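One structure is given here, and the rest of the page talks about it.
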Amino acid sequence: MAGLWSSIEKKCFSLLQQKQSCISLLQIHAFILRNTLYANPNILTKFIAACSSTSFTTRFDHIPGIRYARHVFDHIADKGDSFLCNTMIKSHNDHHQFDEALLLCRYLRRGTHFMPDVYTYLFLSKSCSSNSYDWEGRQLHSVVIKTRVLFDVMPLRNVVSWTTLISGFCNDNDIHSARKLFDAMPEKNLVSWNAMICGYSQSKQPNEALKLFHELQYNTVLEADEITIISILQAIAALGALDLGCWVHKYVKRKGSDKKIKVCTSLIDMYAKCGEITKALHIFEGIPEKVTSCWNAIINGLAINGYGEEALTVFHDMISEGCRPNAVTMIGVLSACSHSGLVEEGKRWLNAMEHFGLIPQMEHYGCVVDLLGKVGCLDEAEKLIESMPYEANDIIISSFLSACVNWKDLSRAERLIKRATEMDLLNAGNYVLLRNLYAMERRWDEVKKIKWLIRTSGAKKEAGSSSIETNGVVGEFISGGTVHPQWGDMQPVLEQLPIHMKGMEEQCIKLQ
DNA sequence: ATAGGGTTAG
């Protein structure tokens with residue numbers, strides 16, 4: 001193909017292949033216009049990719065490169081070239097403009113001759129996984145399925161395309177399909193392993209994540225990196241497997257990764273979720289340059305361990321050190337207030353969010369509804385639900401409903417249930433709460449009615465479960481007496497419990 | 001001459 005290019009086209013292409021400053025990119029743009037190189041889609045593609053990875057700062061103006069790239073793209077008459085369109089879609093992804101990527105693709109399909117190919121779908125899998133809201137229902141699901149279809153007939157599949165598809169399936173919560181692909185891959189690298197391990201961690205299968213991590217270490221020559229560690233710490237935190245967590249901490253120290261702030265943030269989170277707030281604080285204090293995320297981790301860590309006041313103190317430190325809070329910080333702050341019943345502080349910080357340039361999201365209102373419900377201000381909680389600029393979701397409904405149950409406010413609960421039913425927001429947990437409430441009031445007819453509703457609606461409540469770690473093995477207990485199959489009988493585990501606790505005690509003494 | 005993996009919440 002390149003052999004047919006004119007010498008001017010070749011010159012332009014080789015200029016674009018070097019990393020260009022913004023001024024020279026503007027010059028190249030002028031060059032393209034002057035020499036009517038617009039007809040060559042490969043040059044345009046290269047130009048757009050180059051713009052997208054630069055930013056245009058002149059004496060008068062500052063234009064992000066992606067905006068310039070999109071501007072140029074929008075003025076291209078013939079958008080039939082999929083390589084060109086894919087590059088524009090990917091550029092939006094690279095700038096975290098996932099909604100833009102999706103909207104562009106939709107526009108191109110409706111208004112041009114653009115035919116999406118397997119690359120388009122691989123990019124879109126990423127856009128759909130990361131965009132802020134799923135504005136077409138199960139969009140990710142259909143994109144991943146379509147990607148799979150095109151992937152199966154793709155002539156040149158390599159480790160990158162396999163891995164993209166695996167993480168697409170993970171994000172779509174189809175871990176089973178992801179694993180089947182993973183096992184079928186002709187060649188795996190660390191990124192593929194990380195994608196799969198992370199998939200397990202995030203879809204609440206922490207034991208599988210740990211198993212795979214173990215396999216990575218013993219069956220391959222690959223060495224875990226920071227991303228592996230972060231994923232594995234997530235799994236450990238979910239299990240509360242402190243022994244394993246300590247082991248990972250030592251491993252990280254040995255590798256020198258404990259200097260990496262993201263690893264530290266994950267360690268703080270893991271220790272806090274395992275109830276070891278002292279260790280979490282120790283790591284936090286050792287971080288020389290604290291960024292927002294590590295403040296967030298410790299604030300939330302203190303909050304979930306019941307140290308609400310301390311969490312607020314740390315939040316004040318954060319502000320006085322000039323670190324800007326973000327939306328996640330505020331969830332930590334508000335949940336700290338909720339965990340410790342700090343009503344006035346909670347309301348104040350919700351209202352003060354705009355001083356930090358933050359718009360309260362549903363989750364922030366959720367924390368305050370939770371807080372008001374916990375302390376029995378049901379009226380105020382209900383008013384907040386009604387006045388907030390979002391429709392309540394099922395999580396807020398559950399939280400408020402359980403507050404009604406706690407404070408035995410049956411009529412309020414019924415009113416809420418009615419509304420939630422109309423909005424199709426009743427999950428099985430909500431039915432169970434209501435059933436318990438009726439049972440408490442000895443209204444057996446209603447109890448029967450709810451039981452019938454639960455049966456017929458097909459709603460399933462996941463059984464509550466807890467896990468325990470002995471000798472580095474994690475077992476799971478499911479409420480109602482069934483035991484995780486790997487344990488067979490619960491008895492031997494219970495017998496080990498005192499030994500396990502003794503071991504922990506000794507460990508604590510050693511560390512002090 | 002297009003491609004992949006990560007933290008913080010309820």
Side-chain angles (χ1 to χ4, degrees), chain A residues 1-2 13 16-17 41-43 45-46 48-49 81-91 93-94 117-126 129-130 147 151 154 156-168 170-171 185 188-199 201-202 224-234 237 260-270 272-273 291-301 303-304 325-336 338-339 361-371 393-399:
Chain A
M1 202 70 124
F13 198 81
L16 283 167
Q17 232 153 359
N42 295 316
I43 285 187
T45 305
K46 197 82 190 166
I48 281 170
D81 189 81
S82 65
F83 188 4
L84 171 70
C85 295
N86 288 346
T87 301
M88 192 65 241
I89 291 169
K90 179 193 180 292
S91 299
N93 274 357
D94 291 345
D117 60 11
V118 65
Y119 285 101
T120 320
Y121 276 95
L122 287 165
F123 295 144
L124 289 181
S125 303
K126 165 104 176 173
S129 305
S130 322
T147 313
F151 174 81
M154 190 179 184
L156 288 170
R157 297 186 291 188
N158 62 13
V159 64
V160 181
S161 44
W162 280 92
T163 306
T164 312
L165 190 55
I166 286 173
S167 47
C170 288
N171 288 320
M185 276 177 92
K188 300 181 188 64
N189 62 17
L190 186 59
V191 180
S192 337
W193 282 85
N194 286 348
M196 197 63 233
I197 290 173
C198 173
S201 287
Q202 296 191 333
D225 68 359
E226 287 128 46
I227 294 172
T228 325
I229 298 298
I230 290 168
S231 302
I232 223 66
L233 283 171
Q234 242 184 307
K260 304 278 183 178
I261 199 151
K262 288 173 183 181
V263 172
C264 290
T265 306
S266 299
L267 282 169
I268 292 171
D269 183 59
M270 181 276 295
K273 284 182 177 151
V291 296
T292 303
S293 57
C294 58
W295 288 100
N296 292 354
I298 196 69
I299 289 172
N300 182 57
I304 58 176
N326 63 15
V328 178
T329 319
M330 297 316 295
I331 288 173
V333 169
L334 295 173
S335 77
S338 177
H339 281 291
Q361 298 156 354
M362 169 108 71
E363 289 81 353
H364 299 102
Y365 287 100
C367 291
V368 180
V369 167
D370 198 57
L371 163 64
N393 61 8
D394 58 332
I395 298 167
I396 291 188
I397 298 289
S398 299
S399 155

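These figures come from a predicted structure and were not determined experimentally. Chain identifiers are assigned alphabetically (A, B, ...) following the order of the sequence lines, protein sequences preceding nucleic acid strands; residue numbering begins at 1 within each chain. Worth knowing before you read on, the calculation uses all heavy atoms, side chains too, and leaves out hydrogens, waters and symmetry mates.
- Among the protein residues, K126(A) comes within range of the sugar-phosphate backbone only, with heavy atoms under 4.0 Å from sugar or phosphate atoms but none that close to a base.
- Closest contact between the side chain of T164(A) and the listed nucleotides dT8(B), dG4(B), dA1(B) involves dG4(B).
- I229(A) places its CD1 atom 15 Å from the P atom of dG6(B), with the value rounded to the nearest Å.
- For the OP1/OP2 pair of dG10(B) and a distance below 4.0 Å, the side-chain nitrogens and oxygens of Q361(A) include no atom meeting the criterion.
- The T163(A) side chain lies nearest to dG4(B) when the options are dG10(B), dG4(B), dT2(B).
- Of all nucleotides listed (dG4(B), dT8(B), dG6(B)), dT8(B) comes nearest to the side chain of D269(A).
- Under the rule for a side-chain contact (heavy atoms from CB on, under 4.5 Å), the partners of T292(A) that lie at least two apart in sequence or sit in another chain are N296(A), M318(A), C323(A), N326(A), T329(A).
- Taking every side-chain heavy atom of N296(A) into account, dT8(B) is the closest of dA1(B), dG10(B), dT8(B).
- Using a 4.0 Å heavy-atom criterion, one finds that N86(A) contacts the bases of the nucleic acid, with or without backbone contacts as well.
- A search for side-chain contact (heavy atoms from CB on, under 4.5 Å) contacts involving T164(A) returns L122(A), V160(A), not counting sequence neighbours.
- Rounded to whole angstrom, the span from the CD1 atom of I227(A) across to the P atom of dG4(B) amounts to 13 Å.
- The phosphate of dT2(B) (OP1 or OP2) has no side-chain N or O of T87(A) nearer than 4.0 angstrom.
- As rounded to whole Å, 11 Å separates atom C1' of dT2(B) from atom CG of D94(A).
- D225(A) comes within contact range of at least one nucleobase, with a heavy-atom separation under 4.0 Å.
- Protein atom CG of L334(A) is 10 Å distant from nucleotide atom P of dG10(B), rounded to whole Å.
- Considering only side-chain atoms of V191(A), the nucleotide from dT8(B), dG4(B), dG6(B) that sits closest is dG4(B).
- Considering only side-chain atoms of S167(A), the nucleotide from dG6(B), dG4(B), dG10(B) that sits closest is dG4(B).
- Set against dG10(B), dT2(B), dT8(B), the side chain of E363(A) has dG10(B) as its closest nucleotide.
- Side-chain atoms of I230(A) lie closest to dG6(B) of the nucleotides dG6(B), dA1(B), dT8(B).
- Contacts of M154(A) with the nucleic acid, taken as non-hydrogen atoms under 4.0 Å apart, include base atoms.
- As judged by a 4.0 angstrom heavy-atom cut-off over every strand, K273(A) is placed among residues touching the sugar-phosphate backbone only.
- Put simply, the side chain of T228(A) reaches to within 4.5 Å of the side chain of D225(A), judged on heavy atoms.
- Contacts of D370(A) with the nucleic acid, taken as non-hydrogen atoms under 4.0 Å apart, are absent.
- Between the side chain of E226(A) and the base of dG6(B), no donor-acceptor pair of N or O atoms lies under 3.5 Å.
- Nearest to the side chain of V328(A), among dG10(B), dT8(B), dG4(B), sits dT8(B).
- Residues C294(A) and I261(A) meet the side-chain proximity criterion, which asks for heavy atoms closer than 4.5 Å.
- Which of dA1(B), dG10(B), dT8(B) sits closest to the side chain of I304(A) comes down to dG10(B).
- If you take CZ of F151(A) and P of dG4(B), they are 14 Å apart, rounded to a whole angstrom.
- Looking at heavy-atom distances under 4.0 Å, S335(A) makes contact with sugar-phosphate atoms alone, never a base.
- Here V159(A) lies in heavy-atom contact (under 4.0 Å) with a base.
- Using a 4.5 Å heavy-atom cutoff, the side chains of C367(A) and I331(A) are in contact.
- Proximity of M185(A) to I166(A): side-chain heavy atoms (C-beta onward) are separated by under 4.5 Å at one or more points.
- When the P atom of dA1(B) is taken as reference, atom CG of D117(A) falls 18 Å away, rounded to whole Å.
- Atom pair M330(A):CE and dT8(B):C1' shows a separation of 14 Å (rounding to whole Å applied).
- By the 4.5 Å heavy-atom criterion applied to side chains, W162(A) and F151(A) are counted as neighbours.
- Rounded to whole Å, the distance from CG on L124(A) to P on dT2(B) is 18 Å.
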